Amino acid sequence: MGLKNIKNWSVEIEKKITDKWKKAELYNFNSRTKKKVYSIDTPPPYVNAPIHIGQAITYCFMDMIARYRRMKGFEVLFPLGLDRNGLPIEIGAEKKFKVSPFKIGREKFIECCRKLLNETSTETTDTFSKMGISFTSYKEGKHIGGIYKTDSPEYRTLTQTTFIGLYKKGLVYEDTRINNWDIKLQTTVADSEIEYKDIESTFNDIKWKIKGTGEEVVIGTTRPELICTCGMVIYNPDDKRYRHLNGKKVLSPLFNKEIPIKSHPMADIGKGTGLVMMCSAGDLSDIQFFREQGLKPVIAINKHGTMNEHAGFLNGLKIREARTKIIEELKKKGLLVKQEKITHRTPISERSGAEIEFIEMPEYYLKQLKFKNEIKKISKKINFYPKSSKKILDDWLNSISIDWPISRRRFYATPIPLWGSGDLIALPKPGKYYVPWKEQVPKNADVYIINGTSKDGKKIGFVKDFPDKEWKGEERVLDTWMDSSISELFIIKYKSDDKFFKKVYPVTLRPQGKEIVRTWLYYTLLRGYLETGKPCFKDVWIHQHILDEKGHKMSKSLGNIIDPQEILKDYGGEALRFWSAIEGDLSRGDFSSSKEKIRAELKTLNKILNVSKFVMLFNKPKKPRLTELDKTFIDYIEDLTEEFDKSYETYDFHHPALKLRRFLWEIFASHYVEIVKSRAYNNDKKFSKEESDAAKYTLHFLLERFLVLLYPILPQITTTIAEEKKINLLKFEWPKSKKGKSNLKLIYEIMDFNSSVWKKKKDAGISLRNEIKGIKIPKGLDKFKKDLISAHNIV
RNA sequence: GGUCCUGUAGUCCAACGGCUAAGACGGCUCGUUUACACCGAGUAGACCGAGGUUCGAUUCCUCGCAGGACCACCA
């Protein structure tokens, strides 16, 4: 592309490069390679929304990792996945086409989801391409490293195959339990899909009567509509006020149900009146309590979020209405003592924003409790970057208290591959994609009988052995995380290319955000362990959040979104990449993004361009004998080479980027170039040919090495310049460096000296090219005397 | 409540326990010097607070304060 013709680095230049790269498939994976494999389990973005700035930045980092590893001689597997399963897609379809799956039916709704997905196909990959991301492939397909979609038959087959395997091992069971229920989406959700928000609610003090004595006690609650589900009233064993009530019964207000009173440490003396009504629907800890006490839960809320027959006069009302109504009733009867506004941490469904209710439903579970310790053990074998991020995983592991509910009552997801007939379950053969809700049961499917107590199935034959049975296809689907948690297995061809899988497992790196440690990372470790018994990753790199300029989370409602597409359009991928690296260490802290600062990095790109143009004015001679000055600067960049190797290897691109920028502006351009300019031109023949050649050689050497070191961060501009020098950086190997000789202090001394001369000339009002008298070269810089005198025109 | 991370100029971000605390963006003042006005040269501006360890602390330790995160609890 002729460096001379490029005035400024621009988006147009980038477009030519990235278009070429995208078509050329430069980074295809050679499965017969003898190199070591470096594999990256990239996070598949959801395709129904454009890439946001956070994803853009993290993919920049992943690309730096991939490019560095290629230089280090690895065969790099860096695939792009597209997540197309699950609730986000369904919610998108519901909004876009203004439909409800419960009204238009399953088939039509799935069509809507497909329609939505087809429209959003290429935007995501285009964005990545513009950023210069070196995915193994930009083509979809079954080849190793091809773009994969999580809703493809191949992917869903693997999800089902692993499900079938888990079922056979007795790790999947169905149970009817109280669970997190999303009223909006009409499905059970897992604990990991819940977030907590502070919502204002009212704390109501209500009078209750002790049976027999008629004594009145006051109990506080935020959920008075659940009084009908109260199974016990408790107080703290140390609470003297209520000791005399132990073993007595209390009558629930309005319902007059007899409820036992007991002491229990869960009650806190200081909170409320010290008495707690234990309901079977408040939250999961209540449910645990019911189990512990052997109480039978009463479920008063149905799956649509309305009260049922257990709620007596509240039957048929929505939860909120029921709450208002019962408070009215209590007021009328004079049973409401006091009301107080409090903020209450309320469980919210992450996907829909609906308040979670606790409702009893039969769901499939994957056993996870019994593997907690194993997962802890294998996670110790994984390197976490930064180390402290492992704590997030440990905290989560410690808090897991129930098995993983994996069935969902939704539609656009992997179907659960089961058919049922009474207490029999038909489990098809693995390796195929099944859609039980609209397909006949395969005759060769295994038949299991469900044992009522253990919940585990026992195999008793095949479907063909039960010709009289009518089989009903399972209608539920699998939790999206059941798909996502095998991404690392899918990309290395688990169950489809055993030889390759064995060679490459465990996957080298999982890069991901801290907010999905408890979902994506944890579930992947669990699934990987259940499939292989081993840790599935060597390294895990956890990044923090990308915030707006003011350090706030970006969100549509705040209107502070920075759109990477816009940045790419205005400033290009290289500016975005360089800014990402310069801005901070993403694994250590959150980072704030600002368009202004990204724009500012364009200056650096042009500086690189211009310095290169200058160096290219000279031909690179064969290596001559170098001067002390030349050696000093070469030693320094050799040291940087060594240092950056270590940084890049530990996923630190921030510090090298800072030092490279400094090297470019401060050390190389402002000082080395300025000093040796006259020696390189050598117009007045003050220097010998060898001395002049030494300057030219060193200019080229420093520039080349600079480009090589910068290449992982800025691939487009560095390769463009290197091409001019007949160097192909895409295939360049990391240089073997000679270390330990650099003398930065000496370089600073040179820089100080230069500055002082420039200042003197400026103060004297003379041009920098003019002669200056009376300057003494400092002792330490004696060996550079000839260069310094010539550079400053000292007489 | 528990745990973790982070506190350096207006903003962002550096600095093996030691020298004048670096650089960028933004200010201000000058200036076209054969790669570069997306430039060059200057200039103003900062270590959250209190103890401790040390000859010496921005750096290490303790406590506090502030911001962020995760977990638990919240009747």
Side-chain angles (χ1 to χ4, degrees), chain A residues 3-4 7-10 196 198 203-204 219-223 226 230 233-235 264 266-268 271-279 282-283 285-286 289 342-346 386 388-399 401 514-515 517-518 544-545 547 549-553 571 575 579 582-585 587-594 596-617 654-655 657-659 661-662 665-666 669-670 673-674 677-678 681 683 699 745 748 752 755 758-759 761-763 765-770 793:
Chain A
L3 207 53
K4 281 176 211 153
K7 179 112 201 312
N8 288 320
W9 188 254
S10 69
Y196 289 84
D198 284 321
F203 193 72
N204 306 284
I219 301 177
T221 178
T222 54
R223 306 271 324 243
L226 296 178
C230 179
V233 168
I234 59 170
Y235 63 91
H264 193 279
M266 239 172 99
D268 186 332
K271 279 189 186 159
T273 59
L275 286 174
V276 190
M277 69 173 209
M278 299 306 293
C279 301
D283 60 41
S285 68
D286 294 348
F289 179 85
I342 57 159
T343 50
H344 180 82
R345 273 197 69 177
T346 312
S388 56
S389 63
K390 182 166 184 295
K391 185 87 171 89
I392 304 173
L393 178 67
D394 290 340
D395 282 352
W396 178 244
L397 281 168
N398 286 332
S399 72
S401 62
K514 64 177 171 182
E515 76 282 3
V517 166
R518 62 180 182 167
Q544 311 282 308
H545 286 305
L547 308 170
E549 291 172 72
K550 286 164 197 148
H552 296 125
K553 213 172 188 168
Y571 312 131
W579 168 79
I582 285 287
E583 184 66 18
D585 187 341
S587 65
R588 281 185 60 198
D590 293 340
F591 79 67
S592 314
S593 41
S594 127
E596 268 305 291
K597 304 196 70 183
I598 298 170
R599 187 184 58 83
E601 298 309 338
L602 286 174
K603 288 185 185 180
T604 299
L605 298 177
N606 280 310
K607 192 73 178 180
I608 295 170
L609 211 54
N610 282 312
V611 170
S612 304
K613 277 189 205 169
F614 172 74
V615 173
M616 303 298 267
L617 290 175
H654 173 57
H655 292 94
L658 283 170
K659 288 202 168 167
R661 187 172 66 178
R662 186 173 165 72
W665 289 87
E666 308 283 313
S670 293
V673 167
E674 291 301 333
K677 231 178 208 175
S678 65
Y681 281 118
N683 288 335
L699 283 170
K745 212 173 146 190
Y748 284 149
D752 283 348
S755 297
W758 288 327
K759 191 168 191 240
K761 285 190 174 180
K762 184 183 153 74
D763 290 346
I766 55 176
S767 151
L768 294 185
R769 268 201 292 173
N770 286 8
N793 207 354

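Letters go in sequence order (proteins before strands), and every chain restarts at 1. No experiment lies behind these values; they were computed from the predicted model shown.
Nucleotides B:C30 and B:G56 have their P atoms positioned 47 Å apart, rounded to a whole Å. Taking atom C1' in both B:G49 and B:U8, the straight-line distance is 15 Å, to the nearest Å. Across the P atoms, B:G27 and B:U34 are found 27 Å apart, a figure rounded to whole Å. Distance check on atom P: B:C48 versus B:U58 gives 10 Å, rounded to whole Å. B:C61 and B:A22: their P atoms are spaced 25 Å apart (whole Å). Taking atom P in both B:A9 and B:A72, the straight-line distance is 36 Å, to the nearest Å. Rounded to the nearest Å, the gap between the P atom of B:C13 and that of B:G7 is 9 Å. Separation of the C1' atoms belonging to B:A46 and B:U59 is 16 Å when rounded to the nearest angstrom.
When the side-chain nitrogen and oxygen atoms of A:His655 are compared with OP1 and OP2 of B:C13, none of them lie within a distance under 4.0 Å. The side chain of A:Lys659 contributes no N or O atom lying less than 4.0 Å from OP1 or OP2 of B:C13.
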Return the polar atom pairs (N/O with N/O) between nucleotides 18-24 of chain B and the protein under 3.5 Å, or none.
from, atom 1, to, atom 2, distance (Å)
B:A22, O2', A:Arg662, NH1, 3.2
B:A24, O4', A:Arg661, NH2, 3.4

What N/O pairs connect the protein and nucleotides 29-34 of chain B at under 3.5 Å? Give each pair on its own line.
from, atom 1, to, atom 2, distance (Å)
B:C30, O2, A:Lys762, NZ, 3.3

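As a whole-Å value, the separation of A:Lys514 NZ from B:U3 C1' is 14 Å. Across the protein-nucleic acid pair, A:Leu397 atom CG and B:G2 atom P stand 22 Å apart, rounded to whole Å. With rounding to whole Å, A:Trp665 atom CH2 is found 21 Å from B:C13 atom P.
You'll find that the side chain of A:Ser755 is closest to B:G42, out of B:G40, B:G42, B:C70. When distances are taken from the side chain of A:Ser388 to each of B:C4, B:C71, B:C70, the shortest belongs to B:C4. The listed nucleotides are B:G26, B:C38, B:C12; the one nearest the side chain of A:Arg599 is B:G26. Considering only the side chain of A:Glu583, B:C12 comes nearest among B:C71, B:G42, B:C12. Each of B:G42, B:A72, B:U3 was ranked by its minimum atom distance to the side chain of A:Lys391; first place goes to B:U3.
With RNA chain B read from its 5' end, the first of the two nearest nucleotides for A:Thr604 and A:Ser612 is the one closest to A:Ser612. When the nearest nucleotides of RNA chain B are assigned to A:Asn610 and A:Leu275 by heavy-atom distance, the more 5′-ward of the two goes with A:Asn610.
The number of heavy atoms from other shown groups lying within 6.0 Å of NZ (A:Lys659) does not exceed 12.
Nucleotide B:U11 has B:A24 as its partner under the Watson-Crick or G-U criteria, with both atom distances under 3.5 Å. Under the Watson-Crick and G-U wobble criteria, each requiring two contacts below 3.5 Å, nucleotide B:G64 is paired to B:C48. Using Watson-Crick or G-U wobble geometry with both donor-acceptor distances under 3.5 Å, B:G18 finds its partner in B:C55.
For A:Ala669 against A:Val611, the heavy-atom pair with the smallest separation is CB-CG2, 3.8 Å.
A salt bridge links A:Arg661 with A:Glu601: the closest approach of a Lys/Arg side-chain nitrogen to an acidic carboxylate oxygen falls below 4.0 angstrom.
Looking at A:Trp396, its side chain does come within 3.5 Å of a backbone N or O of A:Arg518 through a donor-acceptor pair. In this structure a side-chain-to-backbone donor-acceptor pair under 3.5 Å is present from A:Asn204 to A:Thr221.
A 4.5 Å side-chain heavy-atom check between A:Leu3 and A:Ser612 finds at least one atom pair inside the cut-off.
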